2 protein chains.
Amino acid sequence: MPRDAVITYSIKELASDFMVTARTLRHYEEQGLLSPGRQGQNRVYTIKDRARLSWILRGKRVGFSLTEIGDMLDLYNLGDGRETQVAVTKKLCRDRIDALQRQMKDIKDTIEELEGFCEEVDSLVKKKNGEWIIDG
Amino acid sequence: MPRDAVITYSIKELASDFMVTARTLRHYEEQGLLSPGRQGQNRVYTIKDRARLSWILRGKRVGFSLTEIGDMLDLYNLGDGRETQVAVTKKLCRDRIDALQRQMKDIKDTIEELEGFCEEVDSLVKKKNGEWIIDG
DNA sequence: TTTCGAATTGACGTTAACGTCAACGTTAAG
DNA sequence: CTTAACGTTGACGTTAACGTCAATTCGAAA
């Protein structure tokens, strides 16, 4: 019987929802990336924490370090009415975007090279068909 | 007065050409990614080593580990007339490509989110112009 | 009440990709 | 000959991002 109708999650729930371990969530908290509430001694995660975690994990997938992700999350806390360093913020954003675009190009090139390599293998197989040994 | 007209590079030359340290090249050799010739005790790198190094570094840029890069380089040593596991090879290639394409999507999404964020900041600045403090 | 499951806080272990340092050999110049 | 620049091989240090384990605590179920 919930006192308030606020949806929350235990550490294990949130962890398994995102396919990470509880240790990971605690680690993110140690690094200041998450700051869930407490219910006594236990951590309680809200929908906002879910959103943050989602961001963190995508940041990771695209190659950011936790520190960088922390910086980016801080940027999201702009607009809170306090005086903020907008110029710095925008520069960080732009730098990120530039880096990501360079990374995309690198990946594109690599994909093309890999595809070319696949074709090479294909033609080799067609040419020397029968001479190749394909086993485990 | 070169005995042979083969272009070679010292470890420092190759390193500075690619903006890495000599230690890095030795490390790659320890991991079996490079295997330069020797001139007495010293390493001599050829144009082929340059090509391999170039591959290695792009692999790194797109987020591969050295071990993975080693595997990929091994794939390039196909077609040497020996019996080879073509099916396995092609699967590895395809897996790589798939992973890279997923990574591209992630990056694209992130770029879009960052751009959206930038615009948010812009509009905030326009709206509350004057109230923001932009200093160092 | 005992026991179980799920949580907590330390605190040390691990892997990857080098950095860094020590101790040493080899030319080439002054 | 001495110094300098460049090379070599160990071998230990470092950072990041957790893994892993021990010792506890707490609330609920049997």
Side-chain angles (χ1 to χ4, degrees), chain A residues 1-3 8-46 49-50 52-74 99 103 106, chain B residues 1-3 8-46 49-50 52-74 99 103 106:
Chain A
M1 52 184 92
R3 201 84 180 79
T8 62
Y9 312 87
S10 78
I11 190 166
K12 274 235 171 170
E13 282 166 0
L14 192 60
S16 76
D17 281 2
F18 284 87
M19 301 282 287
V20 299
T21 70
R23 174 67 177 99
T24 299
L25 297 188
R26 292 199 198 93
H27 182 60
Y28 292 168
E29 189 175 345
E30 290 171 12
Q31 309 299 314
L33 301 185
L34 291 176
S35 41
R38 295 287 173 131
Q39 203 162 256
Q41 188 174 224
N42 294 12
R43 277 164 253 253
V44 280
Y45 297 89
T46 74
D49 296 315
R50 278 188 81 101
R52 284 180 77 92
L53 179 55
S54 179
W55 241 95
I56 296 170
L57 296 179
R58 231 228 346 273
K60 288 217 57 188
R61 281 201 298 278
V62 299
F64 288 123
S65 74
L66 292 187
T67 323
E68 290 172 316
I69 293 169
D71 295 347
M72 299 177 66
L73 282 171
D74 289 347
Q103 207 179 332
D106 275 351
Chain B
M1 50 185 92
R3 201 84 181 81
T8 63
Y9 311 86
S10 80
I11 191 167
K12 275 240 169 168
E13 282 166 359
L14 193 59
S16 75
D17 281 3
F18 285 86
M19 303 280 287
V20 298
T21 70
R23 174 68 178 99
T24 298
L25 298 189
R26 292 198 198 96
H27 182 59
Y28 291 168
E29 190 175 345
E30 289 171 11
Q31 310 298 315
L33 301 185
L34 291 176
S35 41
R38 294 288 172 130
Q39 205 163 257
Q41 189 174 225
N42 294 13
R43 277 164 254 254
V44 279
Y45 297 88
T46 72
D49 297 315
R50 280 188 81 103
R52 285 181 76 93
L53 179 56
S54 179
W55 242 94
I56 295 170
L57 296 178
R58 228 222 356 267
K60 287 218 59 188
R61 280 201 299 276
V62 298
F64 288 122
S65 73
L66 291 188
T67 324
E68 290 172 317
I69 293 169
D71 295 346
M72 299 178 65
L73 282 171
D74 291 345
Q103 207 179 332
D106 276 350

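In the text below, chain A, chain B and the rest are named by the order of the sequence lines, each starting its count at 1. Any value given below was found using the heavy atoms of this structure, including those in side chains, with hydrogens, waters and symmetry copies removed. Please read these numbers as outputs of a predicted model, since none were measured by experiment.
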Using modelled atom types and a 3.5 Å cut-off, is there a donor and acceptor pairing between side-chain atoms of B:Arg50 and backbone atoms of B:Leu14?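 No; zero donor-acceptor contacts below 3.5 Å.
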Rounded to the nearest 0.5 Å, how far does CG of B:Leu73 lie from CD of B:Gln31?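 B:Gln31 atom CD to B:Leu73 atom CG measures 12.5 Å (nearest 0.5 Å).
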Of the listed nucleotides C:dA17, D:dT8, C:dA7, the one nearest the side chain of A:Ser10: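 In terms of side-chain proximity for A:Ser10, the closest of C:dA17, D:dT8, C:dA7 is C:dA7.
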Quick check for you: among D:dA17, D:dG7, C:dT8, whose closest atom lies nearest to any side-chain atom of A:Thr67?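 Taking heavy atoms from C-beta onward, the closest nucleotide is D:dA17.
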More than 12 heavy atoms of other residues, nucleotides or ligands under 6.0 Å from CD of B:Gln39: yes or no?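 Check fails, neighbour count at 12 or below.
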For the residue pair [X] and [Y], establish whether any side-chain heavy-atom pair is separated by less than 4.5 Å.
X       : Y        : value
B:Arg58 : A:Asp106 : yes
A:Leu57 : A:Arg61  : yes
A:Asp49 : A:Tyr9   : no
A:Leu53 : A:Asp17  : no
B:Ile69 : B:Trp55  : no
B:Leu66 : B:Lys60  : yes
B:His27 : B:Thr21  : no

Nucleotide pairing, DNA chain D (Watson-Crick or G-U, distances under 3.5 Å), in dot-bracket with [ ] and |: ||||||||||||||..||||||||||.|||
Length of the line joining [X]:[atom1] and [N]:[atom2], which is rounded to integer Å:
X       : N      : atom1 : atom2 : value
B:Gln31 : C:dT15 : CD    : C1'   : 12 Å
B:Tyr9  : D:dC6  : OH    : P     : 19 Å
B:Glu13 : D:dA5  : CD    : P     : 17 Å
A:Glu68 : D:dA17 : CD    : P     : 9 Å
B:Phe64 : C:dA16 : CZ    : P     : 17 Å
A:Ile56 : D:dA16 : CD1   : P     : 16 Å
B:Tyr45 : D:dG7  : OH    : P     : 9 Å
B:Asn42 : D:dG7  : CG    : P     : 7 Å

Taking only N/O atoms, report every protein-nucleotides 18-21 of chain D pair under 3.5 Å with atom names and distance.
{"residue": "D:dC18", "atom": "OP2", "partner": "A:Tyr28", "partner atom": "OH", "Å": "2.8"}
{"residue": "D:dC18", "atom": "OP2", "partner": "A:Lys60", "partner atom": "NZ", "Å": "2.9"}
{"residue": "D:dG19", "atom": "OP2", "partner": "A:Thr21", "partner atom": "OG1", "Å": "2.7"}
{"residue": "D:dG19", "atom": "N7", "partner": "A:Arg23", "partner atom": "NE", "Å": "3.3"}
{"residue": "D:dG19", "atom": "O6", "partner": "A:Arg23", "partner atom": "NH2", "Å": "3.2"}
{"residue": "D:dT20", "atom": "O4", "partner": "A:Arg23", "partner atom": "NE", "Å": "3.1"}

If you apply the rule side chain to side chain contact (heavy atoms under 4.5 Å, CB included), what do you find for A:Val20 with A:Tyr28, and how did you get there? CA-CA 11 Å; A:Val20 299; A:Tyr28 292 168; 5.6 Å; no
Distances for protein N/O vs nucleotides 24-26 of chain D N/O pairs under 3.5 angstrom?
none

